[in-house]
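Let me begin by presenting the structure, written as structure tokens, before commenting on it.
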Amino acid sequence: MLRRRTKPLIAAKPNGPLWIAEDLFRDDRALLVDDDAVAPLSGDNHLSTALVDYLLQRSLQPTDLQDTTLVGSANSLHFFHQVNAKIATAPSDPNVAKSVENIRQRCSHYKDNKFEFLSPFCIDHHFVAVKIVFDLRSPDIFHEVSVYDSLIKGGRRNNSVHRNSPPAKYLRSFQQFIANFCLFGNPKCEVLLANPDHIVEKAALTTLWRRLSTDRVPCNRTDLTVHISKLRESLHAVFTVTDIGSDVPNPRELLSSLFLSSFFPLQSEKDCHDDVFLRLLQDLPNNDNDIDAAPDVPDKGPPIKLDVVPLHPRLGADPQPEPTRHRDNYFTTQFIEVPKEFEDMSKVDLAIDDYEESSGVRLVIARSRGAGSRLYFCASHTGCCFRAKFGRERGTLPIIYKQELSNPFHCGEPVPPKTNGRAPKKRVRDKLEESVDHVIEVKNSTPVPKDVMKAAANIQSVRASYNQAYRAIGRAVENGPREKQQASFGLIMSYLKHFQLRNEDSTVKAESDADQRLRRLGICPGIMRRSLQHVRPVLSLDGAHLLSKWKGTLYIASVQTACSNIYPVSFAIMKDGEDAEGWKWFLELLVEAIPLLKMQHPDNRCRFCYFTVISDRQKGLIQALQQVFPDNHHCFCSVHIARNVEKEVGKKVAKHVHALSATFSKRESDELMAKINAISARGKKYLEGISANQWRSTAWVDDPTLPPRFGIVTTNMSESVNSMVGDARDGSWLECTNDIVRKMMNRICSLREENYGREGVVDKVAEILENRWKNCSNFQVREVVKGGSQFDVFRPSRGASLPETNRLLDVREQTCECGKWQEHGVPCIDAVAYYRLFETQTLQYIMDNHVSEHYKYETVNELLKENIVPVSLDILDQDGVTLPPNRTKRSSGRPRKKRIRKRSRFAHDPDKSPIVCSRCKKRGHNVKTCVAREQLEKQHPAELDLS
């Protein structure tokens, strides 16, 4: 007979308070265990709720818990369902209504204090433990709701309880019980009934409150199943063995850690390991006389069972020897005895490498979750139980070794050696990224594999192959920290909408193809309509390539402020490269956003519009300007012209191009052209083929109808803007757009702070006028016609480099034969001499009355009054429609990284080349190209005479 009765723990008073979910410590009923519950323990069946309740009641004493701590039955869910069901039938059944009223009276004492409710329960093959701290006096009733679920890992990044999970069903039943019986007649009752998921929303999944342990070694979730299996074996021995002999396993050894202590915080650690076993063993039946018949026990509903996967041999089966386990002493010394903190996972890898080299044990990464968590397994033994978990504690930055999730023991046979004696690959992937970052920081340019290999060897002592370094560089560019996924394109339309709402009068455009794939987008802030009245009217246009995996081309327009600072105006991003269609689309956006660009020039002498456009002579841009800005003057950048000349005829000609573009003196211009002709007649012909009024300053002296360029003969402002937004070009289209907008805003803020409170002529122009004032003291000014506006200014010789000369000055038209007054809007040295020597004015008078407004701080302050309002990416919504552009397929083979070398400067003058062919002894080529050149001379002898 296996039936026995346990003694009651506490004798409750008749009609006393009702304890929630049949509290096992304050219920006067003693739990019984019969053969129907004990017999299945010897097989691979389930652990019933009756046995869990028995263990709960027999393992704890009332002194273990406080008066405000409640422990529920493992079958408490059935209790909640049964009691809550009475509310529906109470209006029609007087007996049920009386029972409900009685329960409410007995539960009224819960309104007077703060309680902690603890309960394990079994539902749908889950073993769940809940901890609920509630105070019915507080506005927020549930202070803490913690849930442990055996089938769901706690401590996750998203630790909320799913609404359809088994724990959620239990929590809803608990909340309904509190509302119906503890808060009846209270306004909070209606609140809880109206929102059944209130407690579920506050619940959080957690790990075990007190981790299970075997031989004081922290264990993981798998050990929980093993522990329950051992518990079942121990219970079977306790209830079936009457005489504990040497042949029977000792229950104290089998119950190495009590089941309850894994889930509930007890006041005494001793109770968890020693006294509890004594209480379990003290009532073991020594003879059949101690076994009585069991009295009737109130029905608690059908038992709900928990699945336990059999991992260990059971009693009654053939005994299998357990694998021998041995502690890894070296690992314990290195990581456990002296706790360490690591900055990142690369430091952990270095420590693991040192451990592998010293111990001869190979570890592999079993699971890695980003840069904050990693789990290592042993690969040197078959079926080894070794686990090493590294990660961050919640709310902390350093990475530590987590003992409670690790197992520093090895077991199993050594694995066989690798085929052909090949050693396992070392982990270098995550380590090379740091070397790539180091090379980028030091070189400030795109890294090459050789540099990455050297950095990895010097900094991290890692020997990486060329291909590994090359792939690491590719990952750094392709999967950089700023690169976003395809979903970012679905936020672009929302970004443009928010930008237009926040920035009044702004112009934004976006176009997609038939498949809703984004082709182009453009932004011009509304402040540009008013700000461009206070800049130098020269608009610079240029394009640049995006470097993200989605590629694309960036179009940018920029101007200069009165202080010669760059000022971005507008930008656009397009799928295709620079072409006429793309430039036309961008220029039409500019015309729509800024009508000032096509305004007539205030100087009636000019036959072009107010704004001049300067570019790099890109063919598509030239075509687009002729269509969109036909009445604006178009100039070319002298630096790009010089580069083209260098490709054609070499550097000796190219070095004279910029001086030829900037000089206003025809004599100096003719001398430069003579030098160029002496070097290469072909170079002179090439330069003469470019219209002079588009790049040579002498054309502005001959034709007064050309609008001034204010000394801007290059597109350096566009190159500076490209450099300023260089980081943005590495991100996706959305990141690029947002970064450029923020850089434009920051640029305005920095310029505003730099020039705040300043007045008068800008410092650079004031310094130039001061030097001219000092150097013109010995000039001679003669009036050509009495009472007229023309004056002859004679400059005496100032050395061999500056011979004596004279200039004709017209003070009414503010022009001079030197060309600088009408070009810059600042009095040239001849004009300063006139005001100083003829009119006897002061330098301050010249600055106040004869310097253009484009060089004064008041103009700068007007320009910087308004600013751009940025858009936060956190407020954007997905449109669910916009897709990224199709990525062009990369050609097979390794991409070209080394640039194609430009033509030699001696290409058109081979006789001056230092390269001598060892075959034919001629200059200009080597032996590799000698045969091809010889054949070309025979077929086309005239083509090689390029001088």
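Hydrogens, waters and symmetry mates are skipped; everything else that's a heavy atom, side chains included, is used.
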Asp763 side chain to Tyr857 side chain, donor-acceptor N/O pair below 3.5 angstrom: yes
Does some side-chain heavy atom of Glu866 sit less than 4.5 Å from a side-chain heavy atom of Arg530? yes
Under 3.5 Å side-chain donor-acceptor pair for Arg536 and Ser564: yes
Would you say Cys609 and Gln600 make side-chain contact, with heavy atoms under 4.5 Å? yes
Is it true that Glu646 and Lys652 have a side-chain N and a carboxylate O under 4.0 angstrom from each other? no
Hey, which of Ile868, Asn503, Asn746 is the one that makes side chain to side chain contact (heavy atoms under 4.5 Å, CB included) with Val741? Ile868
Is there a side-chain contact between Val559 and Val569 (heavy atoms, below 4.5 Å)? yes
Flag the pair Asp702 / Lys666 as yes when at least one side-chain heavy-atom distance between them is below 4.5 Å, and no otherwise. yes
Pair Trp583, Gln623: side-chain N/O donor-acceptor within cut-off below 3.5 Å: no
Okay, side chain of Thr859, backbone of Glu853: is any donor-acceptor separation there less than 3.5 Å? yes
Do Trp585 and Tyr555 have ring centres separated by under 6.0 Å? no
Could you check whether atom NZ of Lys509 has more than 12 heavy atoms from other residues, nucleotides or ligands sitting under 6.0 Å from it? yes
Could you tell me whether a side-chain N or O of Asp451 sits under 3.5 Å from a main-chain N or O of Pro447, the two making a donor and an acceptor? no
With the side chain counted from C-beta on, respond yes when Thr698 and Leu660 share a heavy-atom pair under 4.5 Å apart, and no when they do not. no
Compute whether any side-chain donor of one residue and acceptor of the other, for Arg709 and Thr612, lie under 3.5 angstrom apart. no
Taking only residues at least two apart or on different chains, which pairs with a member in residues 667-722 satisfy ring pair (Phe, Tyr, Trp, His ring centres under 6.0 Å)? His633-Trp700, Phe710-His854
Tell me, do Ile712 and Gln560 make a side-chain contact under 4.5 Å, heavy atoms counted? yes
Carefully, step by step, assess Thr737 and Leu521 under the rule side-chain contact (heavy atoms from CB on, under 4.5 Å). CA-CA 9 Å; Thr737 301; Leu521 65 91; 3.7 Å; yes
Around atom CZ of Arg502, are there more than 12 heavy atoms of other residues, nucleotides or ligands at under 6.0 Å? yes
Do Gln500 and Thr507 have side chains that approach each other closer than 4.5 Å (heavy atoms only, starting at C-beta)? no
Answer yes or no: is there a donor N or O on one side and an acceptor on the other, between the side chain of Asp515 and the main chain of Arg517, under 3.5 Å? no
